[in-house]
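Just so we're on the same page: letters track the sequence lines, and every chain starts at 1.
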2 protein chains.
Amino acid sequence: MSSLRSLDENLISHIPPFRKLERVDIREILDAATPKRFSAGQAIFEEHEPAERFFLLLDGHVRVIRTTASGDQVIARHIVSGELMGIASAIGRTTYPASAVAIDDCLVLFWPTSLWKTFVEKYDGFATETYKTVGERISEANNHILELATQQVEQRVARALLRLAIQSSRITDEGMEIDFPLTRQNISEMTGTTLYTVSRLLSAWEKQGIVNSGRKKVIVTEMNKLKTLADLDPMADS
Amino acid sequence: MSSLRSLDENLISHIPPFRKLERVDIREILDAATPKRFSAGQAIFEEHEPAERFFLLLDGHVRVIRTTASGDQVIARHIVSGELMGIASAIGRTTYPASAVAIDDCLVLFWPTSLWKTFVEKYDGFATETYKTVGERISEANNHILELATQQVEQRVARALLRLAIQSSRITDEGMEIDFPLTRQNISEMTGTTLYTVSRLLSAWEKQGIVNSGRKKVIVTEMNKLKTLADLDPMADS
DNA sequence: GGGGAAGTTTGTGCTAGAACAACCTATTCG
DNA sequence: CGAATAGGTTGTTCTAGCACAAACTTCCCC
């Protein structure tokens, strides 16, 4: 895909915030967008930076990170293709509340923040859909708080893996393989524990045949057993 | 104040989401509002209930609570007078994500959720202001996650008390007294610990002259020392 | 192809803070 | 007023999970 040619409408026409729009609107939106590639490890935007752009991840995986004064890192969430990011502007912020780092090679579109207002006013359904996204992220955050405050490390790690397996995995003959590189350290930063504890848990689960993991790789082989560990009803799907 | 007489415009004219509005608009908004009193302990709305109304707290204090399947409670936040609550509709939710309970006697106004859309469209500035509120709550939630994931109990409790002292206290000759009843149990539910640990911390701090606490009562006598414990710069005000 | 570098595993303390228990004190209300 | 109840304190025990160390494995790239 060359950034010289104009972008294909099918790129975004199926993505929630744009789904309800007419072809002409999509055309307009794409013409205003700048595509950009990021390679693994590159920062897409940084915490505290002025929020001058908002982004749509077209391909790849992004980690959203916050860092404390004392240097500890926490992974707030993972963004998968089709999701908007850096939508601080939507909620009246002028700086990004967290940093976004490309996990693998990523393709994103971005727009200047000044266009946010236009999008909301001009394109029907865009506002509703994106505010729904904001709502979902609040819920996620609150669930995370509940987990951190009430659950044991084992449950939290189980839940984190389940979420990733559901959100972003490919089916292999072994099970559901999380489809981006993920280290013990990463998992510990998602769950507020240490890489050592995660390693021990994964080793134990491997012996019980629940997961199958390797360097930067986790395959969930027994979803239901993992759900039991997460203290979720193993019968409930999704 | 009688609910039979029409509501005084001054009630809400200074509150952020309404501040920029004309008198006529305020009049309209008030005429559409229903006032209601809640006595200490009463639930204003419950988690999972359909979000049929949104509220403005005019007087009193409200606790926002989430409960886990296993019965643990977590206090998500405290609402003080002048704040909106139950604004699930703003973010495309159809049910309340948490329960709201009156801590002391409260006076609230409420409107049917169906009016939300009207408010946003009709009253300029209402949308911007409320989305800013939503944004602040996301930040709060994310900060809470960061704290739970990286800090010791002592720091978390110190921060929780600091926040309350700043948000909702009266100045007495002893120091800043949190102006609503607050138990050790409550504090533990805000910080993801146990009432025993909170009790020990408060006892220790009392000996050091940092706080002065009693039954359902906490007075912060030495803000700066508490800030040091919270690992925040004691020089930074607000 | 060999030497880092990055990621993982596992062992051995050790301690923050949870759990439980027992008792104490302030409030409330019949 | 006096019993019941809600809230608070403090002692003791115990363990989940952190910290640190050391060795191992996989990958990458010069």
Quiz item: From dC20(D), dC18(D), dT26(D), pick the nucleotide closest to the side chain of R215(A)?
Solution: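 Closest nucleotide to the R215(A) side chain: dT26(D).
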
If you compare every side-chain N and O of [X] against the phosphate oxygens of [N] (OP1, OP2), does one of them come in below 4.0 Å?
X	N	result
T197(A)	dG17(D)	no
S203(A)	dT10(C)	yes
T193(A)	dC18(D)	yes

In whole angstrom, give the distance that lies between atom [atom1] of [X] and atom [atom2] of [N].
X	N	atom1	atom2	answer
K217(A)	dT9(C)	NZ	P	12 Å
L201(B)	dA18(C)	CG	C1'	13 Å
K216(B)	dT27(C)	NZ	P	10 Å
Y196(B)	dC20(C)	OH	P	9 Å
E154(B)	dG17(C)	CD	P	8 Å
Q155(B)	dG17(C)	CD	C1'	15 Å
D72(A)	dA19(D)	CG	P	9 Å
I187(A)	dT8(C)	CD1	P	8 Å

Quiz item: Quick one: on DNA chain D, does S213(B) or Q151(A) contact a more 5' nucleotide (nearest heavy atom)?
Solution: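 Mapping each residue to its closest nucleotide by heavy atoms, the 5'-most match is S213(B).
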
Using a heavy-atom cut-off of under 4.0 Å over every strand shown, decide if [X] touches base, sugar-phosphate, or nothing.
X	value
Q152(B)	sugar-phosphate
L202(A)	nothing
R184(A)	sugar-phosphate
S199(A)	base

Quiz item: Can you name the nearest heavy-atom pair linking R156(B) to G192(B), along with the distance?
Solution: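 Of all heavy-atom pairs spanning R156(B) and G192(B), the closest is NH2-O, 3.3 Å.
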
Charged N to carboxylate O under 4.0 angstrom, [X] versus [Y]?
X	Y	answer
E47(A)	R66(A)	yes
E83(A)	R77(A)	yes
E147(B)	R163(B)	yes

Quiz item: Below 4.5 Å, heavy atoms only, C-beta onward: do V198(A) and E189(A) meet side chain to side chain?
Solution: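 Contact flag for V198(A)/E189(A) side chains = no.
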
Quiz item: Is the base of dG11(C) touched by the side chain of R200(A) through a donor-acceptor pair closer than 3.5 angstrom?
Solution: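 Pair found.
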
